[in-house]
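The structure appears below as structure tokens.
In what follows, every chain begins at residue 1, and chains take the letters A, B, ... in the order their sequences are listed. Here the structure is a predicted model, which is why all the values come from computation and not from measurement.
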Amino acid sequence: MHHPLPTSSDSPGSVLSPNLDLNAEQRAAVEHPGGPLLVIAGAGSGKTRVLTARVARLLERGVGPEGVLAFTFTNRAAREMRERIAGMVGGEAARALWVGTFHATGVRILRREAARLGIPRDFAIYDREDQETLVRAAIRRLGLREDAFKPAAVIARISDAKNALVSPEAFAHAAVSPHERTLAELYALVQAELRSNGALDFDDLIAEVVSMFRAHPEVAERYGRRFEHVLVDEYQDTNHAQFRLVEALAAVHRNLFVVGDDDQSIYGWRGADLSNVLDFERAFPGAQVLRLEQNYRSTGAILDAANAVIAHNRSRKGKTLWSERERGAPLRFVLAADEGEEARRVRRVLEERRRGGGRYDECAVLYRTNAQSRALETELRLAGIPYEIVGGVAFYQRREVKDLLAYLRLIVNPADRVAFWRVWNTPRRGLGDGVRARVEERAAAGGVEPAAALAALAREGALPGAAAAGARDLLGLIEELAARREGPLDELLRHLLRRSGYLEHLDGDEASAADRRANVEELLAAVAGYAAAGRGGLTEFLAETALVTDVDRIEEDADRVLLLTAHNAKGLEFPLVVVAGLEEGLFPHATSGADDAGLEEERRLFYVALTRARDQVVLTAAAYRRRFTPGGAVAGGARVSRFVDEIPAALLEREAAATGGGGSRERGGGGRRRGGAAALATVPRAAAHRAVGRTVFHDQFGRGVVQDVEGAGDDLKFTVRFAAGIKKVMGRFLDGGADDDPA
DNA sequence: TGCGTTGACCCTGGA
DNA sequence: GGTCAACGCA
């Protein structure tokens, strides 16, 4: 592993000057002498470059790499930043830097200080699902009705509290209603339960560091002295706890370098606090502010459109991006009849790009909700266009992956009861609720872990035959795994697979066995790769699985289209961006855009989506979309999103709803808003009738051709001619056909 | 007592 | 369509 140092003969004085031609503002940021600095960096203004160059410059000035701490928004961004810095100053220095997300950095600090905090060094990190298990148990224990205290809502309230650094005690103190008092009880219960499981949730990873810094100022000071320079990317999406953490770390030297864009703040719903940006100068007196407004990414047309849209927001610092790039093509808007047609139109856009010499990996399809990926996925699969869905259920959250990881968690941390109960009868080994109740009782009485309680019951011969055998099986497996804990990770996992019969267990579900087996294979590959890279042991691997996201796992150099939410697209860029589902109620989303603040956040999200594009933007909407709302499936027609109308007509080329052909294009003129909305009202029925003659797919019957349609809305019935004969099927059991193109 | 089946509820976004 | 708790069967 030898990294040749970059030759510096052609760059007297600085490793930065030759490769990075920075503009005046960028250079001012990079050369900032010290003290608090806020860099307002517009989309595509080269902020990653500035951050990277800043770190390299600090090292060049003689700051030791161990004295630099940089927070990024994703693990991916951390990795990229480290790689770039390695390219400038060498791999050794780059490895010594602390670059990571708030959560990853929190884990790093908490592991070092675990003893002081009274938590195990190998603490587990509970994700949303694990957390939900605890919350459900707490709700049951308090004898509450789940309809009054929905787990998701309880989790959200607890999360909000932690992000605001409100302890269970403070929560109880502030509670005014009986409902609030019960929430406080739940919060306290869940928190106690987390600790007794030796676990922290995501929010704890930050909040616990802050409270430790408060309880032990000398520890805070130690970290403050160590990190002479603290840098924060995507500062607009930091929450209160993160602000306090940064504040504490920067207290000693005040060398705080933050980069953010108030127009790209899109995580208000999870506690991001824009006032961290807006009040920066008040929080850090003497702070300097620099603005990066030159965009190097998008064409003039895309930038003008984005500027026009975001100008509708009232609460913003206000800036206008400009670019030296060419004007480029206008944005395109496609109104499709339904989501199936929308998907087909998207497919054609992608094929067009391909025919024009483009690659699929230059394209991304963005949407507001993960549920929208389904129709697109179906269409792209049928058309043979390679794609990758980023988000939805992340890899390490998949059931089979989490099952296997739960076994590994259990070895590292036997107190992890969520992990224990997850695996104790998976695969089936004859252990059921009856035995579980007795194990729990025994564990509670003896103050021991469930595995120990089960072992005691088995030893005493207190279990019926089948359960006794199952208990022996489980306990033996756990023991064998524990004995291999220090060995290579991939061997550990292989042993688990061999010994548990997990793969055979997967085969029980014919429909999903192949996919799930493939995921297990992928897990094996990931484990082997981790072990080979020597990046840490089991504890570190498990932490990584908890914190890694789908975005982090996007591969370079794979020629496929990316399908992802606008949230997940933050920080990425593509030559071609399709934004799908531009309908009122969907984007802006009904539950988010209800008030002004919510609507403005939706608009920022749309702004983020537009500014991901370098050369080409295509916007699509479906006049009629089947959507699920609380209360059941409903079929809904909608109006085109107001955001589309906020794009100046001269920048937008509208294509009429296609009736099968390529769709005629018209150049945007006046009065578009009403034209678009009026067309929508009539489309639902037309869309249904147009289904006649279309090829559709049914899970059981396969490919068929629609003969007739009856009913309406959710009760739409189709008469379809399949190979197996003519059947009447409910619309919801059909997937739309691909070949609407007249041959 | 364990297990297979059935029917409610479901889908904003995500570390 | 997917998941999970509740139900009733073996």
Side-chain angles (χ1 to χ4, degrees), chain A residues 72-75 100-107 125-129 131-133 136 140 146-147 150-152 155-156 159 162-163 200-206 234 237-239 241-242 266-272 366-374 378 390-394 396-397 399 425 428-438 463-467 470 508-509 511-512 543-552 564-570 581 585-594 598 601-602 605 608 626-634 699 730 732-735:
Chain A
T72 57
F73 195 73
T74 64
N75 295 297
T101 63
F102 276 95
H103 293 92
T105 303
V107 170
I125 300 168
Y126 275 16
D127 66 10
R128 171 62 184 252
E129 191 190 8
Q131 179 90 331
E132 197 163 318
T133 309
R136 278 186 203 285
R140 264 200 303 274
E146 278 208 6
D147 48 341
K150 289 191 170 46
I155 289 174
S159 177
K162 289 183 178 182
N163 288 332
L200 278 74
D201 67 19
F202 289 131
D203 302 314
D204 285 338
L205 297 179
I206 292 144
E234 306 283 6
D237 282 321
T238 51
N239 61 36
Q242 290 164 337
I266 55 175
Y267 283 98
W269 52 274
R270 67 172 205 214
L366 274 46
Y367 36 76
R368 181 63 179 81
T369 66
N370 281 307
Q372 288 167 255
S373 67
R374 190 129 124 231
T378 306
V390 180
V393 182
Y396 287 109
Q397 318 266 68
R399 200 204 318 167
N425 195 35
R428 293 254 141 79
R429 44 175 78 91
L431 298 169
D433 289 345
V435 181
R436 173 169 179 161
R438 293 171 60 193
L463 301 175
D509 185 353
S512 63
E544 181 158 313
T545 64
L547 297 178
V548 80
T549 67
D550 258 17
V551 174
D552 299 327
L564 69 176
T565 61
H567 280 98
N568 266 333
K570 173 169 143 163
L586 186 59
F587 201 173
H589 201 275
T591 49
S592 188
E601 181 155 311
E602 293 288 304
L605 183 58
V608 166
R626 277 199 356 235
R627 285 187 64 195
F628 289 87
T629 57
V634 291
D699 276 354
M730 300 295 286
R732 62 176 181 276
F733 295 120
L734 296 171
D735 271 330

Using the side-chain heavy atoms of A:His567, tell me which of these nucleotides is nearest: B:dT12, C:dT3, B:dG13. B:dG13

Mind checking whether A:Gln397 and A:Arg128 have side chains closer than 4.5 Å, heavy atoms only? no

Reading DNA chain B from 5' onward, which residue's closest nucleotide shows up sooner: A:Gly434 or A:Ala104? A:Gly434

Quick check, does A:Trp269 stack with B:dG13? I mean ring centres under 5.5 Å and planes off by under 30°. yes

Starting at atom CZ of A:Arg368, determine the distance to atom C1' of B:dC11, rounded to an integer number of angstrom. 11 Å

Classify A:Ser592 by what it touches in the nucleic acid, base, sugar-phosphate, or nothing, heavy-atom distance under 4.0 Å. base

Close side-chain approach of A:Asp201 and A:Lys162, heavy atoms under 4.5 Å: yes

Between B:dA15 atom P and A:Glu544 atom CD, what is the distance in whole Å? 14 Å

Between A:Trp269 and A:His567, does the ring centroid distance fall short of 6.0 Å? yes

With a cut-off of less than 4.0 Å, is there a side-chain N or O of A:Asn425 near OP1 or OP2 of B:dC3? yes

Using atom CD of A:Glu602 as one end and atom C1' of B:dG13 as the other, report the distance to the nearest whole Å. 9 Å

Quickly work out the A:Asp204 CG to B:dA15 C1' distance and round it to whole Å. 13 Å

Between B:dC10, B:dG2, B:dT12, which nucleotide gets closest to the side-chain atoms of A:Val435? B:dG2

Side-chain contact test, heavy atoms from C-beta onward, threshold under 4.5 Å: evaluate it for A:Tyr267 versus A:Asn239 and give yes or no. no

Taken to the nearest whole Å, CG/A:Asn163 to C1'/B:dA15 is 10 Å

Whole-Å distance separating the CG atom of A:Leu564 from the C1' atom of B:dG13: 12 Å

Between B:dG4 atom P and A:Asp433 atom CG, what is the distance in whole Å? 14 Å

CZ of A:Phe202 versus C1' of B:dG14: gap in Å, rounded? 9 Å

Under 4.0 Å between a side-chain N or O of A:Thr565 and OP1 or OP2 of B:dG14? yes

Residue-phosphate contact under 4.0 Å: A:Arg136 side-chain N/O, C:dC4 OP1/OP2: no

Distance below 4.0 Å between A:Asn370 side-chain N/O and B:dC11 OP1 or OP2: no

On DNA chain B, more 5' by nearest nucleotide between A:Ala467 and A:Asp550 is A:Ala467

Could you work out which one of B:dG13, B:dA15, C:dG1 sits closest to the side chain of A:Arg374? C:dG1

Could you verify whether a donor N or O on one side chain and an acceptor N or O on the other, from A:Asp552 and A:Thr549, lie under 3.5 Å apart? yes

Are A:Arg428 and B:dG2 close enough that a side-chain N or O sits under 4.0 Å from OP1 or OP2? no

